[in-house]
Amino acid sequence: MQQQPLISVRNLQKYFAGKHRGSSVKAVDDVSFDIFRGETFGIVGESGCGKSTLGRTIIRLLEPTGGQVFYDGVDLASLSAEEMRKKRREIQIIFQDPYASLNPRMTVRELIRAPLDVFSRESEAEKMEKVTNIMHLVGLRDEFMYKYPHEFSGGQRQRIVIARALILQPRFIFCDEPVSALDASVRAQVLNLMKKIQREMDLTYLFISHDLSVVRFLCDRVAVMYLGHIVEVADKHTLYEHPVHPYTKALLSSIPVPDTDVKTEKIILRGEVPSPYDPPAGCPFHTRCPYAQPVCRERMPSMTDLGGGHAAACHFAQENLS
Amino acid sequence: MAVLEVRDLRVSFKIDKKWVPAVEDVSFSVDAGETLGIVGESGCGKSVTSMSILHLLPEKTSRIEQGQVLYKGTDLVPLDNRAMSAYRGQEISMIFQDSMTSLNPVLTVGRQIAEACRLHTQLTEAEAWHSALELLRRVEIPSPEKRMKEYPHQLSGGMRQRVMIAIALARNPSVMIADEPTTALDVTIQAQILELMKELKRQSNTAILLITHDMGVVAEMSDRIMVMYAGMVMEIGTAHDIFKNPMHPYTRGLLAAIPRKDRDVDELYTIEGTVPTLQTMPKGCRFCTRCKEAQPRCFEERPPMFAKGTQQVRCWKYETPQREEDEGCSSNP
């Protein structure tokens, strides 16, 4: 079954100016993938790998320095500011920190209806009805409408953020670590909610997280990032059960399982992620890779297609598969 | 034998000129060479409990109202600051979550470790420097001679946490309190630090109090586990008890609410509602407002800890002491 992509990312680049004149930090380098309609596409990686920069560049919160992003077949970079502004109706964001992303001086009602005031010419009554409906959908009670963000816990605030993202009936939501600031019991509530509204509103998610357990719960397909590059992409079952890239394997094995019976053989990586100011030549992972060969130090591996949508950027991807 | 025993601890905070109990009825002990994991969500009192052991909470707004903290039989609660300094760092040391704010930014790493080595000893500066270098080797920092002369900001988060561990080990303490030691680290670096902590424990027989919100970390590191909620202990047991036979509705809910890397589920179990605030704490069981099994009694009377085999649980469900009906405990006699 061939699914239709909503977003196609092609050779996307985002370089920032480096410390010295002429130098640059390749935060996102030559990244390509598709996000299909109605799916949740996860991007995982450790701090500084470029996952948030990638997400922000896709929705043009940051201007890409190279490559293209096609949204529904349209190259977003080719749009004028006004055309982009109109598209933003369909593209919404949920950030990590619900304390920083809500204006403390606005009531819940004002916060949630703010996007309508920007984009919609509906009557007051229609707007209020929409706000009420959305609040019910995300599990916020009517009496919260006139309260301020500080009166809520982290989980409730994230519901407000979600309600605000949904009010314009978007098609695509970029979720940047939306549950990382939440405690386990509240995180479960928000994750279930995100799954529910995706089904009900036919949404496509780009979900960024450092937590691979959360990603397994929510995502359909997952890409692993390391030093600005995607090193492996696959549907979640393949990625979690049959990872091919040594970094994916190590990352997965590093996560402690909340179960005393499961003893995973850990692959402990030596050293740390190299500085993005001075990335290693060849494969970006070769400095920590337990299987690095001479070729890895010299040549950057390209994505090897392993079939079924599974691809990995490793010189030995085929061998690792068998 | 227990090196550290906390009995019936109650810590209160001053909120709006009133003293409100934040942590109540906390009792536990930890043996030499044992790791006791203390888990719970934000505000459950796990850090307050550990900070009050070394009297690290602000004096003006908090106080230990009741209970004992017995270190090798000596009660630390009545001791003043001066007397406490003989214990802090020497007998009981602490590792905090945020290494950047715990280390002094204007002193070299070497000087800070050497200072810890000299604490209450007659070591000369040169000897202390030498011991510090040894400690950096023990925590497996590459090129330690060079690192000794560097400042905290020149080190990565993982390296700084190794320095924190080196400082904590400096005086060979009998108890080490690690408060979320790997929470600020990436998973691959977390794996390195956890491995190091396990190895050091094997060498030194130190008792570890590991405070964390991460059920995975606690499963991997702990011999026994204490689950806290809203300032009270809900359940204590061996790691196996807690993960294989959780008894308290909160423990069960918490475990079911966690997504796992090795499992596919369509929907996560949820504990509805949120943790009550200190001022709105229910009269009975502190979990009653969110408990799906709550009975009228739970709202009225606070349950004590009931002992069930190697487990203790604070829930009225387990009141009747029918020994032969201890379901699930048969596997751990």
Side-chain angles (χ1 to χ4, degrees), chain A residues 44-49 139 152-156 179 181-193 195-196 209-218 226 236-237 239-241 247 250-264 266-273 275 288, chain B residues 39-44 142 156-159 182 184-192 194-196 212-222 225 229 238-244 250 253-275 277 290:
Chain A
V44 295
E46 299 178 277
S47 2
C49 72
F152 294 92
S153 63
Q156 298 288 52
V179 294
L182 306 179
D183 269 316
S185 69
V186 175
R187 183 178 60 192
Q189 296 170 6
V190 173
L191 285 172
N192 282 343
L193 173 67
K195 247 191 181 175
K196 185 187 99 171
S209 181
H210 68 280
D211 185 332
L212 279 91
S213 308
V214 166
V215 166
R216 175 154 195 169
F217 171 71
L218 203 68
Y226 188 81
K236 75 169 164 197
H237 298 282
L239 193 96
Y240 282 78
E241 303 302 332
Y247 178 63
L251 194 61
L252 279 169
S253 81
S254 299
I255 304 161
V257 188
D259 193 332
T260 45
D261 283 355
V262 181
K263 288 277 175 260
T264 38
K266 273 199 194 175
I267 306 167
I268 306 246
L269 293 177
R270 287 166 294 119
E272 299 177 359
V273 183
S275 160
R288 300 172 82 198
Chain B
V39 286
E41 302 175 271
S42 340
C44 72
S156 66
M159 284 298 152
T182 57
L185 306 175
D186 275 317
V187 281
T188 60
I189 306 298
Q190 167 171 284
Q192 294 174 354
L194 294 181
E195 207 53 37
L196 174 71
T212 178
H213 71 283
D214 188 323
M215 296 303 277
V217 169
V218 87
E220 188 179 315
M221 301 292 289
S222 311
I225 294 171
Y229 178 81
T238 64
H240 186 268
D241 290 337
I242 297 294
F243 283 97
K244 290 295 139 189
Y250 176 63
L254 190 61
L255 287 172
I258 301 169
R260 288 174 54 158
K261 69 161 179 182
D262 58 347
R263 228 173 250 180
D264 282 320
V265 282
D266 281 333
E267 203 182 345
L268 293 168
Y269 180 87
T270 56
I271 303 174
E272 294 307 326
T274 47
V275 184
T277 63
R290 302 174 77 190

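Each chain gets a letter, A, B and so on, in the order its sequence line appears, and its residues count up from 1.
Partners of A:S47 under the side-chain hydrogen bond (donor to acceptor under 3.5 Å, both in side chains) rule, at least two apart in sequence or in another chain, are B:D186. In this structure, the salt bridge (charged side-chain N to carboxylate O under 4.0 Å, His left out) partners of B:R260, at least two apart in sequence or on a different chain, are A:D259, B:D262.
Rounding to the nearest 0.5 angstrom, the gap separating the OG1 atom in B:T274 from the CD atom in A:Q189 is 8.0 Å. The CZ atom of A:F217 sits 8.0 Å away from the CG atom of B:D266 when rounded to the nearest 0.5 Å. From A:L193, atom CG reaches atom CG of B:L268 across 12.0 Å, with rounding to the nearest 0.5 Å.
Contacts of A:R270 with chain B are made by backbone atoms alone, with heavy-atom separations under 4.5 Å and no side-chain atom involved. Proximity to chain B (any heavy atom under 4.5 Å) is restricted, for A:K236, to the side chain, taken from C-beta onward. The contact between B:Y269 and chain A is made entirely by backbone atoms, counting heavy-atom distances below 4.5 Å. Of the atoms belonging to B:E195, it is side-chain heavy atoms, and not backbone ones, that fall under 4.5 Å from chain A. If you measure heavy-atom distances from A:V273 to chain B, you find no contacts under 4.5 Å at all. Using a 4.5 Å cut-off between heavy atoms, A:I268 contacts chain B through its side chain alone, with no backbone atom that close.
When atom types are taken as modelled, the side chain of A:K195 and the backbone of B:E267 share no donor-acceptor pair closer than 3.5 angstrom. Put simply, the side chain of A:K266 never gets that close to the backbone of B:A191: no donor and acceptor are under 3.5 Å apart.
The candidate with the highest count of non-hydrogen atom pairs below 4.5 Å against chain A, out of B:E272, B:R290, B:R263, is B:R263. Counting heavy-atom pairs under 4.5 Å between each of B:L255, B:L254, B:V265 and chain A puts B:V265 at the top. Counting heavy-atom pairs closer than 4.5 Å to chain B, the top residue among A:S254, A:S153, A:G48 is A:S254. For chain A, the option among B:M215, B:E41, B:M221 with the highest count of heavy-atom pairs below 4.5 Å is B:E41. Taking A:G154, A:G271, A:G139 one by one and counting their heavy-atom pairs under 4.5 Å with chain B, the maximum is reached by A:G271.
Closest approach of B:H240 and A:T260 over heavy atoms only: CA-OG1, 3.9 Å. When all heavy atoms of B:A257 and A:S185 are compared, the closest pair comes out as CB-CA, 4.5 Å. The heavy-atom pair separating B:P259 from A:R187 by the smallest distance is CD-NH2, 3.7 Å.
Within a 6.0 Å radius of CG in A:D261, more than 12 heavy atoms belonging to other residues, nucleotides or ligands are found.
A side-chain contact (heavy atoms from CB on, under 4.5 Å) with A:I255 holds for exactly one of B:K261, B:E220, B:Q190; it is B:K261.
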